[in-house]
Each structure stands twice: as C-alpha cells, then as structure tokens.
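The structure appears right after this line, and notes come after that.
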Amino acid sequence: MLTALLLAVPGITALSSAARAADADLAVNGGFESGLSGWTCTAGSGTTVDSPVHSGASALRATPAGSDNAQCAQTVTVKPGSQYTLSGYVRGSYVYLGASGTGSTDVSTWTQSAPDWQKLTTTFTTGASTTKVTIYTHGWYGTGAYYADDVSLVGPGVDAGQPPAVPTGLKTGTVTSVSVALSWTAVTGATSYAVYRNGTKAQTATGTSATVTGLSASTAYSFQVTAVNAAGESAKSAAVTATTSAGSPGGGSTDLPTHALVGYLHASFANGSGYTRLADVPDSWDVIDLAFGEPTSATSGDIRFNRCPVTECAGVESDADFKAAIKAKQAVGKKVLISIGGANGQVQLATTAARDTFVSSVSNIIDTYGLDGLDIDFEGHSLSLDPSDTDFRNPTTPVIVNLISALKTLKARYGAKFVLSMAPETFFVQMGYQYYGTGKWGGQDPRCGAYLPVIYALRDDLTLLHVQDYNSGPIMGLDNQYHSMGGADFHIAMTDMLLTGFPVAGDAANVFPPLRPDQIAIGMPASVNAGNGYVAPAEVTRTLDCLTKRTNCGSYATHGTWPALRGLMTWSVNWDRYSNWEFQKNFDAYFG
C-alpha cells in the first residue's frame with residue numbers, strides 16, 4: 001500500500017502541473033509596458049508613467065474627476081464554464097480591481113489605502129455560454145490619482161486559430177484633393193480590415209472598401225491594407241500609390257505664386273540690420289509683413305501701427321511715399337500685410353470689449369494703408385489655456401475664443417482675397433504633440449500648444465502658416481525623437497508634423513489634422529544675426545528637397561511628399577539685406 005501511494009504521488013503531481021500548464025495570462029499589456037495598448041480609460045483619464053512602478057519600466061496612472069471614476073478596462077476572450085484568477089498591484093486610496101460580464105457573479109476587490117504597492121486578487125467562474133469578460137481597475141470620485149501595474153487574468157486560454165491571409169487586389173478609386181477611395185478583395189475568415197497610409201494605420205473597415213480622408217492636396221501617398229480576426233492581423237498587402245489633386249487653394253488669396261517667399265520688414269523700429277525702405281525690397285519677396293502693430297496695453301485690444309521716426313531710422317520715407325510703395329508692390333502681385341504682436345507686443349483679448357476694439361483698430365490700420373491682410377505673430381504670454389480647457393476643437397479660454405471670433409470677423413469683412421497668416425513659435429504648435437495646456441494633472445505651462453485651437457478654427461480661412469523654426473528648444477517629432485535647431489532635420493521634422501497631423505498630448509483619439517501644403521511656409525532666420533537656429537543655404541536646399549521630392553533626406557523619415565509646399569518665411573528682409581540677400585538668392589535659385 002505504501003509503495004502504491006508513493007507511486008501515485010508523482011502521477012498526481014504530473015496531472016496538476018499539466019493542468020497549470022494549460023492556463024495562460026490572458027490580459028493584454030498588463031504591465032503597461034506598451035502604453036495604454038489594449039486598455040481603454042474613461043474620459044481620457046489614464047496615462048502611463050515611469051515612476052512609481054511595481055515592475056518593468058511603466059505603470060498606469062489614472063485620475064478620477066467630477067463624476068468619472070477613471071476606469072481603465074479591456075475585454076478578454078475566455079472559455080465558458082472555466083475558473084479564472086484576476087490579480088494586480090495597485091497604489092492609492094480606494095482602488096478597485098474587478099471583472100464584469102462573467103456570466104455568473106461579477107466580482108471586484110479593493111483597498112481603502114495603499115501607500116505602497118498592494119496586490120489585489122479575486123476569482124470567478126465564467127457562465128456556460130460566456131466567451132468575453134471585461135476586466136477593469138478604477139478609483140473613486142475626488143480621491144486623487146491611483147496607480148496599477150502587473151494586472152493578470154490567469155485561466156484556460158482559447159485557441160483563436162490563425163490570422164487571415166494577406167489581402168489582394170488593392171486598388172484606388174476616386175481621388176480628390178483631400179481623399180482617396182480604396183477597395184480590395186475579401187479575405188476568408190477576416191472580421192475587419194486595417195488601412196495603412198504611408199506605413200501608419202489610418203483607419204479600420206468592416207467591408208472591402210474605405211475612403212481615407214484628411215489628406216493634403218497635391219501630395220503623393222502610399223496605401224496598404226491588412227486583414228484582421230480574433231487570432232491577429234495579417235501581413236500588409238502590396239502597396240498602391242495615389243497623388244491627391246490640387247484642389248481649390250482656399251484660405252484667402254488665390255493669386256499667390258505656387259512657391260512664395262515671405263519676409264518681415266522692420267517698419268516700426270530700428271536695430272543693427274539698418275532701415276530698409278519698402279520701395280527698395282526686391283521683387284523676389286511675394287509677401288511682406290510690416291512689423292509690427294502693437295497694443296496700447298496688453299489687454300486693451302487697441303492696436304496701433306507707428307512707423308519708425310526719422311530720429312531712429314535714418315532714411316525713413318514719408319507716409320505718402322510709404323503708401324505709394326504699398327500700391328506699387330500690389331500692382332506687381334505682391335501682398336503687404338500688417339503683422340500684429342512680435343516679441344514686445346503682448347495681446348490678450350480677455351474680454352469681448354477688447355475683441356471688438358481689436359477688430360476696429362486693425363481694420364483702421366488696413367484701411368489707412370490699403371493693406372492686403374493680417375499676420376498674427378502673438379508671442380510670450382499672449383495666448384495660454386485655462387486649466388479646464390482641454391479640447392483644441394472646442395476651446396473655452398476667453399483669449400482664445402475672442403481671438404478666433406475677431407479673425408473670423410475680419411475675414412468676413414474683407415472677403416475671399418483677404419490674406420491671413422500666422423507665425424507662432426514651435427512651443428505653441430508642435431510641442432502640443434507632447435503637452436497641451438496645464439495637462440490633465442496640472443503643472444505644465446498653460447501656453448503649451450495654445451495656438452492649436454486658433455489654427456484649427458481658422459484652417460479654412462488661413463492663407464499661410466509659417467511657424468518660427470528658430471529660437472526654439474528641442475521638440476519631439478512624430479518619430480518620438482527630440483530634434484534640435486541647426487540643421488535640415490529640424491525643419492523637416494517640424495514641417496512634417498504640420499502636413500501629417502499629430503495626436504495632441506499623445507491622445508490618439510484627439511488628432512490635430514494636417515494642413516494643406518499650399519498653406520505652409522517654413523520659418524527660418526535670414527542670417528546668423530537674425531536669431532538662433534540659422535542654417536546655411538545648403539541645409540535650406542536639403543530641407544526643400546526632402547519635403548517636396550523626398551530626396552536628400554537625413555535621419556527623419558517624412559510621412560509624405562509635398563511638391564505644393566508654399567515656400568519659405570524669414571526673419572527678416574532687413575537682416576537678409578544686411579547679409580547680401582543670401583536667403584533670397586537661395587530661394588530664387590531653388591524655385592526659379
């Protein structure tokens with residue numbers, strides 16, 4: 001009997017091991033090492049952090065707000081009538097871990113207070129016909145952020161079979177300036193399809209056709225498609241290419257040249273570059289921004305344009321000659337704008353009264369000098385976002401809302417030929433890829449990304465956006481690498497972001513859409529004296545080659561090719577003259 005018992009023990013052990021071997025951890029990305037992949041958090045409440053973590057490099061941080069308990073969940077495929085163990089490590093007050101849709105009794109466990117990592121565990125048995133279960137973690141209202149890490153659901157796995165075959169027969173259909181229609185052959189066993197644009201997933205489809213929208217005019221794109229089922233995703237199909245049509249220029253003046261040179265002219269002040277008369281600006285300059293119109297006070301909205309006095313600017317022309325020069329430039333197709341703001345011109349339209357004063361005073365300047373339009377060069381503290389203002393599509397901050405309203409009013413007053421341009425700094429635009437305003441948990445600079453709602457609201461009225469790719473710190477590009485001034489790669493990466501679009505503050509559900517290439521000019525200093533970030537003519541040429549031809553590129557891989565890119569902007573005409581017109585000559589040589 002003893003011998004039989006001893007012989008039986010290994011058999012029992014082997015049977016138990018085999019049963020355990022059949023179990024698997026079914027939770028996807030339970031350690032949050034791949035961001036929030038596999039998880040969905042309510043109201044955008046969740047993010048990943050690198051400290052504190054229970055193990056690995058990342059953990060979940062989620063913050064309840066208002067009536068939201070910051071639930072993060074995922075749905076898992078399970079076997080009917082089977083037992084599962086749900087566990088995870090949490091930190092914080094009133095943190096819950098649970099499962100719903102079990103087909104039997106939904107379960108949860110929680111801790112009232114976990115100042116350090118605490119393991120929560122619960123078990124459940126699925127119902128006789130249950131194939132899907134939702135696992136989740138959440139906090140409690142008004143109790144602050146909580147953390148979760150190493151969430152697992154251990155139990156019998158499900159054989160999902162094989163991913164579908166690679167789709168075939170991909171072809172293009174109707175192509176417009178902003179969209180491309182695609183179709184392909186159905187794949188047996190596929191439950192959906194993923195459409196890729198230039199190697200990046202653009203959308204999903206349940207049928208065998210899709211129309212990819214939000215594209216830029218006169219731009220070449222590559223498309224592929226994959227088939228998807230419960231077992232996974234197939235490899236990508238063979239690629240097809242399509243070039244969007246030119247479309248309607250829109251956004252103001254329709255008679256700018258295909259490639260334009262934009263420059264700021266020091267009209268109200270003097271510096272080391274010397275004064276340049278408007279009549280002496282060469283015809284290579286297609287858009288001349290008169291710098292600057294400035295407010296009587298930061299919050300008045302009352303903009304004044306005071307020309308540089310003769311005591312400060314030797315050789316300054318009379319008002320009559322200045323107005324005559326404007327008409328002469330316009331007679332040969334040039335655009336002359338008033339630029340509002342600059343480094344010293346803080347403009348904060350915090351009230352509707354300031355908004356209305358802005359409209360009337362800017363209109364007075366435009367009418368007095370017979371100008372073609374307006375350039376917005378708000379810098380410093382002109383634009384910032386209230387802590388509660390988190391959606392660039394629906395801004396609520398008064399200085400943002402009132403500026404949008406004022407610009408729309410001016411556009412409506414002067415009509416389709418009114419030229420509207422903007423010259424924000426990278427901090428106010430591309431930095432929005434990482435941060436937006438104060439952030440979900442506060443502590444960030446409220447100015448970060450603050451131009452995005454203005455650009456978005458005026459995108460159909462905007463003639464030119466020329467971000468200042470100078471006097472900038474390092475900015476993260478769409479390759480998730482930081483790029484610094486001093487070479488073509490910085491300009492390529494910053495411009496690619498505008499022409500490709502990007503998720504704001506890393507939120508894939510909140511994407512700032514791309515602008516048209518004919519709306520984009522790249523902002524660069526004209527010389528080493530003009531500002532930090534100067535690049536030599538060879539680097540300017542390399543930038544243009546990469547963006548318009550996809551040749552001569554460096555380490556940054558663009559997401560498209562944009563031969564219709566409008567051109568270049570520089571600070572400034574005066575500094576370029578000081579440097580023997582180096583910037584202008586290089587532009588003329590490139591575009592002819």
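Because the structure is a prediction, the values reported are computed rather than measured. Numbers here are sequence positions counted from 1.
A distance of 11.0 Å separates CG in Leu349 from CD1 in Ile404, rounded to the nearest 0.5 Å. Here CZ of Phe269 is found 8.5 Å from SG of Cys313. Values are rounded to the nearest 0.5 Å. Rounded to the nearest 0.5 Å, atoms CG (Asp377) and CD (Glu425) are 7.5 Å apart. Here the CG-CG distance, from Asp460 to Leu458, works out to 9.0 Å after rounding to the nearest 0.5 Å. Summarising the geometry, atom CD1 belonging to Ile365 is positioned 5.0 Å from atom CD1 belonging to Ile340; distances are rounded to the nearest 0.5 Å. Between atom CG of residue Asp479 and atom NE2 of residue His559 there is a gap of 8.0 Å, rounded to the nearest 0.5 Å.
Shown are Asp496, Ile520, Asp518; of these, the side-chain contact (heavy atoms from CB on, under 4.5 Å) with Trp562 is made only by Asp496. Of the candidates Ile288, Ile326, Leu337, Ile326 is the only one forming a side-chain contact (heavy atoms from CB on, under 4.5 Å) with Leu371. Among Leu407, Leu374, Val467, Thr463, the one residue that satisfies the side-chain contact (heavy atoms from CB on, under 4.5 Å) test with Met422 is Leu407.
At least one side-chain heavy atom of Phe322 sits less than 4.5 Å from a side-chain heavy atom of Leu290. The shortest distance between side-chain heavy atoms of Ile522 and Leu565 falls below 4.5 Å. Side-chain atoms of Asn471 and Pro525, non-hydrogen and from C-beta on, never get closer than 4.5 Å to each other. Within the 4.5 Å cutoff, the side chain of Pro257 has no heavy atoms near those of the Phe591 side chain. Between Asn271 and Trp575 the shortest side-chain heavy-atom distance falls below 4.5 Å. Under the 4.5 Å side-chain criterion, counting only non-hydrogen atoms from C-beta, Gln481 is not in contact with Ser555. Looking only at side-chain heavy atoms (C-beta outward), Val287 and Leu256 come within less than 4.5 Å of each other. In this structure the side chain of Val454 never reaches within 4.5 angstrom of the side chain of Phe378, judged on heavy atoms.
Enclosure of atom CZ in Phe502 by more than 12 non-hydrogen atoms of other residues, nucleotides or ligands within 6.0 angstrom is indicated.
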The test is side chain to side chain donor-acceptor pair (under 3.5 Å); show your working for Asn198 and Thr200 and say whether it passes. CA-CA 6 Å; Asn198 295 337; Thr200 301; over 6 Å; no
Kindly indicate, with the supporting measurements, whether the criterion salt bridge (Lys or Arg N to Asp or Glu O under 4.0 Å) is fulfilled by Asp321 and Lys323. CA-CA 5 Å; Asp321 287 345; Lys323 291 177 181 178; over 6 Å; no
Would you sort out whether Val281 and Lys329 count as a side-chain contact (heavy atoms from CB on, under 4.5 Å), showing the intermediate values? CA-CA 9 Å; Val281 176; Lys329 290 295 181 186; 4.0 Å; yes
Check the pair Asn344, Glu379 against side-chain contact (heavy atoms from CB on, under 4.5 Å), reporting the backbone distance first and the verdict last.
CA-CA 8 Å; Asn344 298 321; Glu379 300 180 16; over 6 Å; no
Would Lys335 and Asp286 count as a salt bridge (Lys or Arg N to Asp or Glu O under 4.0 Å) if you check the C-alpha gap in whole Å, the side-chain angles of each, and the deciding distance to 0.1 Å? CA-CA 6 Å; Lys335 306 299 178 185; Asp286 301 296; over 6 Å; no
Given the rule in the side-chain contact (heavy atoms from CB on, under 4.5 Å) test, do Tyr433 and Val504 qualify, once you have shown the distances and angles that lead to the verdict?
CA-CA 5 Å; Tyr433 176 53; Val504 176; over 6 Å; no
- request: Please report the C-alpha distance between Thr438 and Leu385 in whole Å, then the side-chain angles of each, then the deciding distance to 0.1 Å, and finally whether the side-chain contact (heavy atoms from CB on, under 4.5 Å) criterion is met.
  value: CA-CA 7 Å; Thr438 58; Leu385 295 158; over 6 Å; no
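Pairing each heavy atom of Thr390 with each of Asn510, the nearest pair is O-ND2, 4.3 Å. Pro517 and Leu499 make their closest contact through CA-CD2, 3.5 Å (heavy atoms, listed as atom of the first residue, atom of the second, distance). When all heavy atoms of Arg542 and Ala488 are compared, the pair lying nearest together is NH2-CB, 3.4 Å.
A distance-only check finds a donor-acceptor pair linking the side chain of Ser268 to the backbone of Ala291 [under 3.5 Å]. Ser360 contributes a side-chain N or O that, together with a main-chain N or O of Asp356, makes up a donor-acceptor pair within less than 3.5 Å. Checked by atom type and distance alone, the side chain of Thr570 pairs as donor or acceptor with a backbone atom of Met524 at under 3.5 Å. In terms of modelled atom types and a separation under 3.5 Å, the side chain of Glu312 and the main chain of Ala270 share a donor-acceptor contact. The backbone N or O of Arg393 lies less than 3.5 Å from a partner atom in the side chain of Asp391, making a donor-acceptor pair. No donor-acceptor pair closer than 3.5 Å links the side chain of Arg577 to the backbone N or O of Asp280. For the pair Gln468 (side chain) and Ala423 (backbone), a donor-acceptor distance under 3.5 Å is present. The closest donor-acceptor contact from the side chain of Arg355 to the backbone of Ser405 lies at 3.5 Å or more, if one exists at all. Thr397 contributes no side-chain N or O that, together with a main-chain N or O of Ile400, makes up a donor-acceptor pair within less than 3.5 Å. A donor-acceptor pair under 3.5 Å is absent between the side-chain atoms of Glu317 and the main chain of Arg277, judged by distance alone.
Ser339 and Asp375 share a side-chain donor-acceptor pair at under 3.5 Å. With hydrogens and angles left out, the side-chain atoms of Tyr482 and Gln434 include a donor and acceptor closer than 3.5 Å. Checked by atom type, the side-chain pair Gln430/Tyr451 shows no donor-acceptor distance below 3.5 Å. No side-chain donor from either of Tyr369 and Asn364 sits under 3.5 Å from a side-chain acceptor of the other. Side-chain N/O atoms of Ser361 and Thr357 include no donor and acceptor closer than 3.5 Å. Side-chain atoms of Asp469 and His491 include a donor-acceptor pair closer than 3.5 Å. If you check the side chains of Asn306 and Glu294, you find no donor sitting under 3.5 Å from an acceptor.
For residues 511-563, the disulfide bond (SG atoms under 2.5 Å apart) pairs, not counting sequence neighbours, are Cys546-Cys553.
Ring-centre distance between Tyr556 and Phe490: not below the 6.0 Å cut-off. Tyr470 and Tyr534 have their aromatic ring centers separated by at least 6.0 angstrom. You'll find the ring centres of Trp571 and His266 inside the 6.0 Å limit. Aromatic ring centres of Phe587 and Phe583 lie farther apart than the 6.0 Å criterion allows.
One finds no salt bridge joining Lys585 and Glu582 here, because no Lys/Arg side-chain nitrogen approaches an Asp/Glu carboxylate oxygen to under 4.0 Å. The pair Asp283-Lys334 does not meet the salt-bridge criterion, since no charged nitrogen lies less than 4.0 angstrom from a carboxylate oxygen. Salt-bridge formation is detected for the pair Asp461/Lys408: a Lys NZ or Arg NE/NH1/NH2 atom is positioned less than 4.0 Å from an Asp or Glu carboxylate oxygen.
Phe392 and Tyr436 have perpendicular rings, their planes meeting at more than 60° on a 0 to 90° scale where under 30° would count as parallel.
At least one test fails for Arg413 against the ring of Phe418: distance under 6.0 Å to the centre or angle within 45° of the axis.
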